[in-house]
2 protein chains.
Amino acid sequence: MPVTIRDVARAAGVSITTVSRALNGHKDVGEKTRQRILRIAEELNYRPSAVARSLVTQKTRTIGFLVSDLSKGRIWHYFMLQILYGIQDRLAELGYDLILVNTTTTRQREISYLDFCTERRLDGVIVINLRLDDPYLHEVVESPLPSVVIDIPLVSATCGYVTSDNVYGAKLAVRHLIGKGHRTIGFVNGHSQAAVSHDRLRGYREALESHGIPFRPELVYEADYTVEGGRKGCELLRTAHPEMTAVFFASDLMAIGGLHHLREAGVKVPEECAVVGFDDIELAEIVSPQLTTIRQKRYEMGATAAEMLVGMMEGKTMPEGRTLLPELVVRQTS
Amino acid sequence: MPVTIRDVARAAGVSITTVSRALNGHKDVGEKTRQRILRIAEELNYRPSAVARSLVTQKTRTIGFLVSDLSKGRIWHYFMLQILYGIQDRLAELGYDLILVNTTTTRQREISYLDFCTERRLDGVIVINLRLDDPYLHEVVESPLPSVVIDIPLVSATCGYVTSDNVYGAKLAVRHLIGKGHRTIGFVNGHSQAAVSHDRLRGYREALESHGIPFRPELVYEADYTVEGGRKGCELLRTAHPEMTAVFFASDLMAIGGLHHLREAGVKVPEECAVVGFDDIELAEIVSPQLTTIRQKRYEMGATAAEMLVGMMEGKTMPEGRTLLPELVVRQTS
DNA sequence: CTTGCATTCCAAAACGTTTTCAGGTACATT
DNA sequence: AATGTACCTGAAAACGTTTTGGAATGCAAG
């Protein structure tokens, strides 16, 4: 029942070819006919079918946003949301649409993400939060489907990545703390199945060593990027090392967990223990005391990913890795 | 280059009709041929094209999630995210996919959301955060495209809605405060272009009056659902009415803004001024002191919306309004 | 031997576009 | 008058499915 190109053609007394050309702005159609066709299409409220167009052009102008662990209680997505905005904004500018794919639920459908993408004939895919040990990670990276992964440094013939310079970010944090006079600095890291964890650890270590402070593995706790994990990590480190005067957390959420512990323990922040987070999610500014943290340019990461992907899809750019510089945001916890 | 049904048919030595029937589980195909076809399809790694299928079935099995004001600095989406999960989860179960539509950017494309939906031939749409004065609101509601709006009580032949019982929720909050002995209770409301604002105001008023406390309009401040708006509202109400011992906020974000003001002003919470929010976003539990609030079942709202929509689309249910009961969550600010 | 009925398969149409190739007209150049 | 050259238009193929309406086969019943 929706009006088709055929209806427009009939009403205008021309062939569908001419209608198609008039609407798509080809130049080989007379000015008067073009005007007439446009007017009639308008009158009939004609909207070309994207699915018919996709079938013939073999492009859907749709890209998938593959996010794993999208589920009820999780709040790590506070981090992801700005990235999503960046993707969606840039994609809209470029004339592409976004379809949301939850890897957890596609798995329920007993179909790999890749199969899902081919069924829907997606033009490309942006992947976030995939663990390094995800069984399908390499399937995605190696597949002919253009893709961009976020925060996993992998490049292939069809896959690029976007990430922050996590080594540098961690260095910023630690240097800042050292500058404030701290010498015993703990580190609550995220789980090791995220590439960023390794980089942040390295940055932590190198910053210490470059200031002549020996790296002590016992000052590092591996948590899991959750509030509760951060709380626990902070508690364990503090009881084991009461002399510790500052803690660097690999995420804001964990830092907030750490603050919870410190408050309960009656430790003054930042006087008795300074805290620095990572990410600069909106919470960092809302929580009190406001959190000193390393700002990741999340919106830009998303926009960059979108841009890279479209560039690859349209054959204009080669897959590459892009690394954005984070920056230190000093607030009240340091 | 992807393998088509034709390739499978050729390899199996049957017609494409038979392949189609075999794959879709129709019964008029011999058992041996069915097995052979399935095996060959598997071997060739055949994935049926959703777009070709959509063209002929006239269904895309895709629904749109229309969200307005999805942009860089906004954080109201902390509220929306759980709803999104609910939608996406239920939709995945039902075999539908979700496409994200930002009304702000479609407007840039100079095309109404509705036109966008018809171009993509979406099967239905879920709308959130549309202001009552949105120019396209009624276009969406009245259009033949099945739709479900969230938090706007509108029903038409093709449009249902899901919302919380906001009157009841506000009553819960105010009753709770009255039970704690408060008699002068301020109310920081959101803007009036949200239907929920009116209901929450009504609940506030009725709860007061049913306890013999007169409603005083000067104790109500109309903010805008932002942290800063809540801060300002709280400040204004307190300076104008120092005798006020409790404030009810129409959202957690505003309540958190209020807490900021109270902390700066050195007001003890909840001893000198109690605070109750609305929504129960994750922040409410993370912030300190932890926020007493009215919990909206956001995930369920999303799941319900998805379910209703699919029911309507498949002609199994009539459009209706569904109202979920919120509940009081007492924490530290009251 | 016909008729009827399952069972299993297929040819062809349809969905709504884009694009290729060629046809037609009008006009200027030989 | 024939040829060339723009310019505009259209018929038809193609994209990859589903579905309709038979057709062929085999077999039981008349």
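In what follows, every chain begins at residue 1, and chains take the letters A, B, ... in the order their sequences are listed. What you see is a predicted model, and the numbers here were worked out from it, not measured in a lab. Note: hydrogens, waters and symmetry copies are ignored here, and every other heavy atom, side chains too, is used.
When the side-chain contact (heavy atoms from CB on, under 4.5 Å) test is applied to A:Thr18, the partners found at least two apart in sequence or on another chain are A:Val14, A:Ser15, A:Val29, A:Ile37. Listed by chain and residue number, nothing satisfies the ring-ring contact (aromatic ring centres under 6.0 Å, His included) test with A:His26 (two or more places apart in sequence, or in another chain). Residues passing the side-chain hydrogen bond (donor to acceptor under 3.5 Å, both in side chains) test with A:Lys27, sequence neighbours excluded: none. Legend: residues meeting ring-ring contact (aromatic ring centres under 6.0 Å, His included) with B:His191, ordered by chain and number and at least two apart, are B:Tyr225. Legend: residues meeting side-chain contact (heavy atoms from CB on, under 4.5 Å) with B:Ala195, ordered by chain and number and at least two apart, are B:Leu132, B:Pro153. Residues passing the salt bridge (charged side-chain N to carboxylate O under 4.0 Å, His left out) test with B:Glu43, sequence neighbours excluded: B:Arg39. Partners of A:Glu142 under the salt bridge (charged side-chain N to carboxylate O under 4.0 Å, His left out) rule, at least two apart in sequence or in another chain, do not exist in this structure. B:Ser143 pairs by the side-chain contact (heavy atoms from CB on, under 4.5 Å) definition with B:Leu114, B:Leu145, not counting sequence neighbours.
Sorted by first and then second residue, the salt bridge (Lys or Arg N to Asp or Glu O under 4.0 Å) pairs with a member in residues 44-66 of chain A read A:Arg47-B:Asp115; sequence neighbours excluded.
Residue A:Arg6 places none of its side-chain N or O atoms closer than 4.0 Å to OP1 or OP2 of C:dG16. Not one side-chain nitrogen or oxygen of A:Thr18 sits closer than 4.0 Å to the OP1 or OP2 atom of D:dT9. The phosphate of C:dT18 (OP1 or OP2) has no side-chain N or O of A:Gln58 nearer than 4.0 angstrom. The shortest distance between the side-chain N/O atoms of B:Ser15 and the OP1/OP2 oxygens of C:dC10 is below 4.0 Å.
Candidate nucleotides C:dC9, D:dT17, C:dG16 were compared by shortest atom distance to the side chain of B:Val29, and C:dC9 ranks first.
Straight-line distance from the CG atom of A:Leu23 to the C1' atom of C:dT19: 15 Å, rounded to whole Å. Whole-Å rounding puts the B:Arg53 CZ to C:dG16 C1' distance at 18 Å. Between the CD atom of B:Glu119 and the P atom of C:dG16 there is a distance of 15 Å, rounded to whole Å. With rounding to whole Å, A:Ile5 atom CD1 is found 14 Å from C:dC15 atom C1'. The nearest whole Å value for the distance from the CG atom in A:Leu55 to the C1' atom in D:dA14 is 9 Å. Atom CZ in A:Arg121 sits roughly 10 Å away from atom C1' in D:dT17 (whole-Å rounding). Between A:Arg61 atom CZ and C:dT17 atom P the separation is 17 Å, expressed in whole Å.
Relative ring orientation between B:Tyr113 and B:Tyr136 is described as perpendicular, the plane-to-plane angle rising above 60° on a 0-90° scale split at 30° and 60°.
Side-chain atoms of A:Asp97 and A:Thr62 form no donor-acceptor pair, as typed in the model, at a separation below 3.5 Å. A donor and an acceptor atom, one from each side chain of B:Gln82 and B:Gln296, are nowhere located under 3.5 Å apart.
In the helix from C:dC1-D:dG30 to C:dT30-D:dA1, the end axes, each obtained as the rotation axis mapping the C1' atoms of four pairs onto the next four within a five-pair block, lie 70° apart to the nearest 10 degrees.
Only A:Gly30, A:Thr33, listed by number, bring a heavy atom of residues 30-45 of chain A to less than 4.0 angstrom from any atom of DNA chain D.
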Across nucleotides 19-26 of chain D, 5' to 3', mark each nucleotide with B, S or - according to how protein heavy atoms within less than 4.0 Å reach it. BB------

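Within the 4.0 angstrom heavy-atom criterion, only backbone atoms of the sugar-phosphate kind lie near A:Val14; the bases stay farther away.
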